[in-house]
There are 2 protein chains.
Amino acid sequence: MRPGGVRRLRTPATAVPGPTVSTVTASRRDPGPSPRGEQTRELIVATALRLFRERGYEATTMRAIAAEAQVSVGNAYYYFPSKQHLVQAYYGQSQGAHAAAARPCLETESAFQARLHGVLLARVDTMQDEKGFAVDFFRFAADPQSPLSPFSKESATAREMSIGLYEEVVHGAKGLKVPAELQESLPELLWLYQMGVVLFWIHDTSPASAKTYALVERTVPLVGKLVHLTRYRLLRGVLSDLLDLLRELGPIQGSAPGRLTDRERRSARSE
Amino acid sequence: MRPGGVRRLRTPATAVPGPTVSTVTASRRDPGPSPRGEQTRELIVATALRLFRERGYEATTMRAIAAEAQVSVGNAYYYFPSKQHLVQAYYGQSQGAHAAAARPCLETESAFQARLHGVLLARVDTMQDEKGFAVDFFRFAADPQSPLSPFSKESATAREMSIGLYEEVVHGAKGLKVPAELQESLPELLWLYQMGVVLFWIHDTSPASAKTYALVERTVPLVGKLVHLTRYRLLRGVLSDLLDLLRELGPIQGSAPGRLTDRERRSARSE
DNA sequence: CCTCATTGTTGAACGCGTTCAGATTTCTCT
DNA sequence: AGAGAAATCTGAACGCGTTCAACAATGAGG
């Protein structure tokens with residue numbers, strides 16, 4: 001019966017001054033989050049990610065996260081509608097790590113296949129670095145009902161960044177000649193190919209994910225060949241069929257809601 | 001403080017007599033389940049499936065299942081290690097429904113593409129009949145950590161029955177000529193193709209799963225063409241690469257355990 | 001008829017993710 | 001400064017899946 005009670009010092013005397021100058025109402029009424037809330041939000045997400053890494057996803061309870069961050073459980077739920085939403089931050093980190101790991105290859109290699117190989121390998125490597133805990137996360141990604149699905153609205157920016165890498169793969173490839181109609185869709189197709197590899201990876205229980213690496217080594221040349229073959233008549237028919245299909249299907253999700261779960265109905269209001 | 005207490009009548013006077021004659025210790029010491037336990041087991045699973053259909057998976061609580069079956073919660077857990085395991089019964093049913101729905105096509109059609117189309121369509125149709133509740137189940141199938149994964153040991157028989165359908169598709173197809181090396185693997189490849197369609201379906205939120213049907217209509221001819229093209233030189237290289245890969249990768253799961261979840265560790269003992 | 005091991009069954013209890021009514025702090029405007 | 005609104009924060013409580021120690025029914029062997 002003493003809600004509130006003693007609080008931790010939010011900004012102790014040693015805190016970084018930064019833009020503390022005046023209540024920065026600067027630009028026209030900023031609809032963005034106040035710096036105070038943002039601070040708590042980041043504290044919570046940082047704590048959560050640390051504990052996830054230390055103990056694994058399931059073994060990390062919301063109570064533990066709250067306690068470690070010196071915050072109440074309810075407060076965590078004020079910023080994140082569910083435990084899964086805390087994982088989205090990991091998504092961003094992982095995406096960034098992939099982009100960084102792919103950078104060297106994109107700046108040195110010029111052949112299409114080598115570029116594809118480097119970028120895809122970077123993806124697997126960065127996931128593999130934290131395997132056993134990253135699986136828990138990409139597992140959610142395979143769940144269509146999860147907000148973490150790569151096709152969901154929430155994942156839009158991460159998805160576009162990821163596809164962007166494959167745009168670089170294609171556009172930076174010297175001597176790559178593909179039919180005009182394919183040119184545009186190729187990055188997205190390659191991204192789908194990556195999704196397939198990731199899907200394989202989360203199912204792959206071989207030591208050190210050896211089979212996933214084998215899959216990459218074997219399929220990259222295969223994809224390379226196929227892309228090369230698209231310049232011949234024989235495959236053109238199949239190719240146009242495939243591209244037509246892609247155009248027709250468009251985004252898989254987003255058309256009709258289907259049956260919503262209780263959770264989705266609840267989350268829907270936070271839009 | 002009255003465990004046991006009043007029980008329901010297990011076999012009322014009107015019960016089917018059947019082989020009630022003597023305690024049927026018939027054949028040499030039968031290690032199988034006693035008929036008594038089997039009766040309860042089936043009561044529970046039937047009740048569960050009924051409630052799942054009526055209310056959906058998440059809305060059906062273990063307490064409700066137990067209450068409806070006039071059994072204690074603990075008793076349900078005596079027969080099924082988890083709520084998810086109750087779903088495996090649905091798997092069997094669904095698999096049977098698919099096989100039955102595919103039968104007419106397999107007995108009338110003779111062209112490869114028509115047979116493939118019929119069987120695949122039968123799969124989507126039977127799922128679609130209970131969409132919105134079937135998604136919940138096939139969702140688990142996409143989860144590698146779930147015992148319901150189609151690659152898991154528990155799902156082995158269902159998987160083999162499913163692949164069997166595609167063996168029928170191939171072997172019963174008149175005039176189908178494929179390279180010898182492909183002949184053997186084709187059914188499994190087609191099954192993987194079906195898995196892809198199912199994966200698409202659980203993500204598909206378009207009305208009446210229209211996009212999944214479009215996917216089937218568009219990709220079946222495409223697969224047909226590709227299979228046909230394997231007789232030409234141009235694709236032979238790609239084909240052998242693909243088949244080599246399949247052989248090399250073998251079963252995705254089963255090699256090394258990876259990091260087990262608490263639940264898996266618990267379930268492991270029940271083997 | 002009486003053990004007694006096996007099988008079946010019970011319901012309270014545990015820990016979890018999540019919710020909620022209300023308290024406190026911060027911001028805004030006068 | 002002060003009042004009111006908005007943002008932030010609290011922890012008890014809820015319902016869930018699951019576990020567990022204990023108890024009852026069953027049936028084989030004496």
Side-chain angles (χ1 to χ4, degrees), chain A residues 1-11 20 22-25 29-41 43-44 48 55 57-67 69-87 261-263 265-267 269-270, chain B residues 1-8 10-11 22-25 29-41 43-44 48 55 57-67 69-87 261-263 265-267 269-270:
Chain A
M1 286 304 179
R2 191 185 36 75
V6 180
R7 295 292 165 70
R8 73 182 184 283
L9 293 179
R10 197 68 83 110
T11 41
T20 318
S22 83
T23 53
V24 63
T25 326
R29 57 184 185 82
D30 187 275
S34 78
R36 176 63 175 277
E38 202 56 30
Q39 200 173 326
T40 309
R41 176 190 209 87
L43 172 64
I44 291 170
R55 316 178 182 178
Y57 178 77
E58 304 223 321
T60 303
T61 71
M62 288 302 279
R63 285 167 178 82
I65 295 172
Q70 306 204 68
V71 148
S72 70
V73 244
N75 201 7
Y77 278 94
Y78 178 76
Y79 291 102
F80 301 93
S82 82
K83 192 182 174 186
Q84 284 205 20
H85 279 80
L86 279 166
V87 174
T261 65
D262 289 340
R263 172 153 316 152
R265 223 168 277 122
R266 273 183 261 116
S267 308
R269 63 178 187 193
S270 60
Chain B
M1 284 302 180
R2 193 184 35 78
V6 181
R7 295 293 165 69
R8 72 183 183 285
R10 198 68 84 110
T11 42
S22 82
T23 52
V24 64
T25 325
R29 56 182 186 82
D30 188 275
S34 79
R36 178 63 175 277
E38 200 56 29
Q39 201 173 327
T40 309
R41 175 189 210 88
L43 172 64
I44 291 170
R55 316 178 182 177
Y57 178 76
E58 303 224 321
T60 303
T61 71
M62 288 302 278
R63 285 167 178 80
I65 295 172
Q70 306 204 69
V71 149
S72 70
V73 244
N75 202 6
Y77 278 93
Y78 178 76
Y79 292 102
F80 301 93
S82 82
K83 192 182 174 187
Q84 282 205 22
H85 279 80
L86 279 167
V87 174
T261 65
D262 288 341
R263 173 151 317 150
R265 224 169 276 121
R266 272 185 262 115
S267 308
R269 62 174 188 194
S270 61

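Computed from a predicted structure; not experimentally measured. Throughout, protein chains are lettered first and strands after them, A, B, ... in sequence-line order, and every chain is numbered starting at 1.
- One can place OH of B/Y79 at 18 Å from P of D/dT18, the figure rounded to the nearest angstrom.
- The nearest whole Å value for the distance from the CD1 atom in B/I65 to the P atom in D/dC16 is 12 Å.
- Residue B/V71 has its side chain nearest to C/dT10 when only C/dT18, C/dT10, D/dT10 are considered.
- Taking 4.5 Å as the limit, some side-chain heavy atom of B/V87 sits within range of a side-chain heavy atom of B/Y57.
- Picking from D/dT8, D/dG17, C/dG17 the nucleotide with the shortest atom distance to the side chain of B/M62 gives D/dG17.
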Look for any protein N or O under 3.5 Å of an N or O in nucleotides 13-15 of chain D and output each such pair with its distance, or none.
| unit_1 | atom_1 | unit_2 | atom_2 | d |
| --- | --- | --- | --- | --- |
| D/dA13 | N6 | A/R63 | NH2 | 3.4 |

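- For B/T61, the side chain to side chain contact (heavy atoms under 4.5 Å, CB included) partners two or more places apart in sequence, or in a different chain, are B/R63, B/A64.
- Considering all non-hydrogen atoms of both residues, B/Y79 and B/P81 come closest at O-CD, 4.0 Å.
- Between A/N75 and the phosphate of D/dT10, there is a side-chain N or O to OP1/OP2 separation shorter than 4.0 Å.
- Proximity note for A/S72 (side chain, C-beta onward) versus D/dT10, C/dT18, D/dG17: the nearest is D/dT10.
- In terms of phosphate contacts, B/Y77 brings no side-chain nitrogen or oxygen within less than 4.0 Å of OP1 or OP2 of D/dT19.
- Looking at residues two or more places apart in sequence or on another chain, you find a side chain to side chain contact (heavy atoms under 4.5 Å, CB included) between A/F80 and A/R41, A/I44, A/V45, A/H85, A/L86.
- Going from atom NZ of B/K83 over to atom CD1 of B/I65 covers 6.5 Å, rounded to the nearest 0.5 Å.
- Residue A/K83 has its side chain nearest to C/dG17 when only D/dG17, C/dG17, D/dT8 are considered.
- Residues meeting the side chain to side chain contact (heavy atoms under 4.5 Å, CB included) test with A/A66, sequence neighbours left out: A/V73.
- When the nearest nucleotides of DNA chain D are assigned to A/Y78 and A/G74 by heavy-atom distance, the more 5′-ward of the two goes with A/Y78.
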